[in-house]
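Report on one structure; see the data block that follows.
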Protein chains: 2
Amino acid sequence: MIQKYKNEEKVLVAVDCIIFGFDQQDEELKILLIKRNFAPEKGKWSLMGGFLHADETLKDAATRILHSLTGLHNVYLEQLKAYSEIDRDPVERTISVTYYALINIEAHDVELIKKNSARWFKMSNCPKLIFDHNEMVNDAIERLRYRASTQPIGFELLPVKFTMRQLQKLYEEIMDEKLDKRNFTKKINSFNILEKLKEKNKKSSKKGSFLYKFNQQKYQQKIKNGFGFKI
Amino acid sequence: MIQKYKNEEKVLVAVDCIIFGFDQQDEELKILLIKRNFAPEKGKWSLMGGFLHADETLKDAATRILHSLTGLHNVYLEQLKAYSEIDRDPVERTISVTYYALINIEAHDVELIKKNSARWFKMSNCPKLIFDHNEMVNDAIERLRYRASTQPIGFELLPVKFTMRQLQKLYEEIMDEKLDKRNFTKKINSFNILEKLKEKNKKSSKKGSFLYKFNQQKYQQKIKNGFGFKI
DNA sequence: AAATTAAATGTACTTAATACATTTATTAAA
DNA sequence: TTTAATAAATGTATTAAGTACATTTAATTT
């Protein structure tokens, strides 16, 4: 039998989730925050988080935490970074590993969110958060931008059928810059990951705009092989 | 007084370092590995690592570990990722956070390395490592490639004065592809981060090749603002 | 004087990025 | 039924960046 490691100090490990959603009503990128209901910083806004259990990986923990807030399974999750400043949590020494999640904002469980006193906030209007959570959010949006410029983003954040305008607005929100419609369309089409449907969405204009959906296979291919998105 | 978190499980947190160096003799990218001198897996090759202490951040720990092996201070370090599979360390549940380091291979303390039974290995000839360390190395080289394509690399890995050939070989090693000499020179010059010196390095040819050094200020500027390196 | 070595150098071609304005389909109101 | 309103759909010319490619040059050694 191998001896255990001796005299080594164990620490608390937390997992915090930066949950992104794209609100199709007002075409804005949002994050889901909870109102902390215990001391310290009770009543302040915070990322959804929890402690790592002995029998789960970090991703397991992130999945569990996300499910407990949104009711969602099979969510896109990517590990971001470990935060370890000694006093980042004033209660006790805790390091935190962050994950960011991309979810379809229409699909989550509204009741659960209420129960957890959670709310969607515009990214551009993110409140002051507890501890180092604002830094986490900033790091997450930076990573999301990187991902959106190297792999397709959208399937996780949009409904199954969507318009070219919605996709463009999503990219504009992520990149935080206006894009040219014609160049955007040209670029997206060149990736050959969309299927144009015969249906139109008539909500936005008299003319209506055609709906698209992702070609799953080609989309997954692009995720694997990547692309250079620059416009 | 705020209560401590109760009933939460603490875990061991390790830090493992992927230490890159560029060997100017044989113009190869190498990593520094140690021969593990305790069970389990005694005698096997491993990344240099250690446990996180209560009074230090993860980066502090990485710095300490790196210093204990190389004698170097002020080394370039970047956090990579946390690894948390339950049985990744068979002794006891341990999560590990990796950092990669870029060092000038000529500058380290050779005695210390010997004492730690460490050795430089060609990246392309990395041996089988313990636990999930090979995965860590693969993730590290991927990140290094990303960094080399968005920010200048070189200052950390090359001597103060170097030839254009050395810089090109370094990039070729990192990217694992041959580059065209004229296009490489053109590109690097367009970044305007080098100063051409009057001196020549006569070792490599009869004609000799001019030495360059980085313009510190412009180099740091590029690190902040980034560039697109693609050849 | 000739041979050797790697360094230094430029151009034409192809591809990708950018800037930019008009017409069209449909519905609702006059 | 005509007109007004709305956002959608669409193409081209220009500029910038990436790629492919071969010869001459400086210095040293034989």
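Just so we're on the same page: letters track the sequence lines, and every chain starts at 1. Computed from heavy atoms alone, side chains included, the values below leave out hydrogens, waters and symmetry copies. What you see is a predicted model, and the numbers here were worked out from it, not measured in a lab.
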**Q.** Lys NZ or Arg CZ of B:Arg182 over B:Phe184 ring: under 6.0 Å, within 45°
**A.** no

[atom1] of [X] versus [atom2] of [N]: gap in Å, rounded?
X: A:Lys178; N: C:dA19; atom1: NZ; atom2: P; result: 15 Å
X: B:Lys186; N: D:dA17; atom1: NZ; atom2: C1'; result: 9 Å
X: A:Met164; N: D:dA7; atom1: CE; atom2: C1'; result: 15 Å
X: B:Leu194; N: C:dA8; atom1: CG; atom2: P; result: 12 Å
X: B:Asn201; N: D:dA26; atom1: CG; atom2: P; result: 19 Å
X: A:Leu179; N: C:dA19; atom1: CG; atom2: P; result: 12 Å
X: A:Lys203; N: C:dT26; atom1: NZ; atom2: P; result: 19 Å
X: A:Ile231; N: C:dA19; atom1: CD1; atom2: P; result: 11 Å

Q) Taking the six-membered ring for Trp, is the centroid-to-centroid distance between A:Tyr83 and A:Phe131 below 6.0 Å? A) no

(Q) Is the distance from the ring center of B:Phe155 to that of B:Tyr76 below 6.0 Å? (A) no

Q: Go through the N and O atoms of the side chain of B:Asn183 and the base of D:dA20, and report whether any donor-acceptor pair is under 3.5 Å.
A: yes

Q.
Can you tell me whether the side chain of B:Lys207 and the base of C:dT5 have a donor-acceptor pair closer than 3.5 Å?
A. no

**Q.** Residue mapping more 5' on DNA chain D - nearest nucleotide basis, B:Phe229 or B:Asp180
**A.** B:Phe229

Q: Could you tell me whether B:Tyr219 atom OH has more than 12 heavy atoms of other residues or ligands within 6.0 Å of it?
A: yes

Does a side-chain N or O from [X] land closer than 4.0 Å to OP1 or OP2 of [N], or not?
X: A:Arg182; N: D:dA9; answer: no
X: B:Lys202; N: D:dT28; answer: yes
X: A:Lys187; N: C:dA17; answer: yes

Taking the minimum atom-to-atom distance to the side chain of [X], which one of [options] wins?
X: A:Lys181; options: D:dA26, C:dA7, D:dA8; result: D:dA8
X: A:Ser209; options: D:dA27, D:dA9, C:dT18; result: D:dA9
X: A:Arg165; options: C:dA7, C:dA19, D:dA8; result: D:dA8
X: B:Lys230; options: C:dA25, C:dC20, D:dG18; result: D:dG18
X: A:Ser205; options: C:dT18, D:dA20, D:dA7; result: D:dA7
X: B:Lys206; options: C:dT18, D:dT10, D:dT28; result: D:dT28

Q: Give a yes or no on whether a salt bridge exists between B:Glu156 and B:Arg147, defined as a side-chain N under 4.0 angstrom from a carboxylate O.
A: yes

